[in-house]
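Please read the structure below before turning to the comments.
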Amino acid sequence: PQIRFVAIDSAEIRAGPGTNFYPTNRLTRGTRLECYHATEDDWVAIRPPNSSFSVVAQHDLELTKAPQIGRVTSATGRSWIGSRLMGAFDLRSSVQLKVGELVTVRGLRRVQLHHTGAAQTMYEIAPPSGEFRWIRRSDLHTEPTQSVQQAHYMQSGLAGSDSFVAR
């Protein structure tokens, strides 16, 4: 990955590459980001900051004996990208999970997956491997500003290893 820094006071990150994807969070000037891919229309895939989260249906996950670790039990299990800026999510912004995949469970959350759907209780998890957030390239800079804030990234409960791996 390439390291970039947020160049504006408040940069919006999104669930996908474009304004048609819902916003998930805002990052402050100087936040350090790991950038993995850029689209032709100037959107950059970033590693989800620690404040990011995803949700998984309760019936697709079982809790293990290890604290805060869940195992995917369903071949149709999906992870939806959570938003700190919106109340409902968009079904198209999801990652297909693999049976047996381990995820970090942060708790339970009431979620409305569709603007017209009913709310349901789901597991809130750390973003699984392969899930990105997106930011405009014009909101980034190659050098840190005076007030650099290090984005803290998820750490799995497994030997302290990094839980993010691009699919």
Side-chain angles (χ1 to χ4, degrees), residues 1-56 61 68-70 72 77-98 101-107 109 111-113 122-167:
Q2 294 181 341
I3 302 301
R4 296 288 183 265
F5 299 88
V6 174
I8 62 174
D9 289 338
S10 179
E12 195 171 73
I13 58 174
R14 293 186 168 268
T19 56
N20 58 323
F21 291 90
Y22 57 90
T24 64
N25 211 340
R26 293 190 187 281
L27 301 177
T28 58
R29 179 185 300 274
T31 301
R32 180 184 185 274
L33 300 171
E34 291 182 15
C35 302
Y36 286 86
H37 172 74
T39 66
E40 290 181 12
D41 55 347
D42 288 329
W43 287 90
V44 177
I46 62 170
R47 177 185 197 152
N50 192 42
S51 60
S52 298
F53 69 94
S54 298
V55 293
V56 175
L61 201 63
Q68 298 182 308
I69 302 295
V72 177
R78 299 191 76 76
S79 166
W80 284 275
I81 295 173
S83 174
R84 299 212 178 276
L85 304 177
M86 297 184 63
F89 304 97
D90 187 339
L91 290 174
R92 70 179 172 204
S93 298
S94 62
V95 168
Q96 178 69 47
L97 300 171
K98 295 177 182 164
E101 185 172 347
L102 299 177
V103 296
T104 302
V105 177
R106 295 180 176 167
R109 180 181 280 263
V111 176
Q112 184 179 352
L113 286 178
M122 301 181 83
Y123 284 112
E124 178 179 319
I125 65 169
S129 62
E131 203 174 83
F132 294 102
R133 301 300 184 269
W134 295 81
I135 190 170
R136 291 178 195 265
R137 185 188 322 249
S138 60
D139 292 346
L140 299 175
H141 195 273
T142 58
E143 298 295 324
T145 60
Q146 291 178 353
S147 61
V148 172
Q149 294 182 358
Q150 295 289 331
H152 298 283
Y153 299 110
M154 301 82 45
Q155 293 293 319
S156 74
L158 304 174
S161 64
D162 195 337
S163 64
F164 181 87
V165 178
R167 287 185 196 235

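No hydrogens, no waters, no symmetry mates; every other heavy atom, side chains included, goes into these values. This is a predicted model, so every value here is computed, not measured.
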Rounded to the nearest 0.5 Å, what separation is found between the [atom1] atom of [X] and the [atom2] atom of [Y]?
X	Y	atom1	atom2	value
Asp139	Arg4	CG	CZ	14.0 Å
Glu131	Ser54	CD	OG	3.0 Å
Ile46	Ile13	CD1	CD1	4.5 Å
Asn50	Ser52	CG	OG	8.0 Å
His37	Phe132	NE2	CZ	8.5 Å
Asn25	Leu85	CG	CG	5.5 Å

N/O donor-acceptor pair under 3.5 Å between Arg84 side chain and Ser51 backbone: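 A pair under 3.5 Å: yes.
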
Residues in side-chain hydrogen bond (donor to acceptor under 3.5 Å, both in side chains) with Glu124, at least two apart?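 Checked Glu124 against side-chain hydrogen bond (donor to acceptor under 3.5 Å, both in side chains); matches are Arg109.
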
Mind listing the closest non-hydrogen atom pair of [X] and [Y] along with its distance?
X	Y	answer
Val105	Gly70	CG2-N, 3.7 Å
Pro23	Ser83	O-OG, 2.6 Å
Arg29	Ala7	NH1-O, 2.6 Å
Ile3	Glu34	CD1-CG, 3.7 Å
Phe5	Glu143	CD1-C, 3.5 Å
Gly77	Gln96	O-NE2, 3.0 Å

Do the side chains of [Y] and [X] get nearer than 4.5 Å, heavy atoms only?
X	Y	answer
Ile125	Ser79	yes
Arg14	Ile135	no
Thr19	Arg136	yes
Thr39	Trp134	yes

Applying side chain to side chain contact (heavy atoms under 4.5 Å, CB included), run through Leu33 and Leu27 and close with a yes or a no. CA-CA 10 Å; Leu33 300 171; Leu27 301 177; 3.7 Å; yes

Show your working on side chain to side chain contact (heavy atoms under 4.5 Å, CB included) between Arg137 and Trp43 and close with a plain yes or no. CA-CA 6 Å; Arg137 185 188 322 249; Trp43 287 90; over 6 Å; no

Results of side-chain contact (heavy atoms from CB on, under 4.5 Å) for Val72 - residues two or more places apart only: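 In terms of side-chain contact (heavy atoms from CB on, under 4.5 Å), with neighbours along the sequence ignored, Val72 is linked to Leu61, Leu97, Glu101.
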
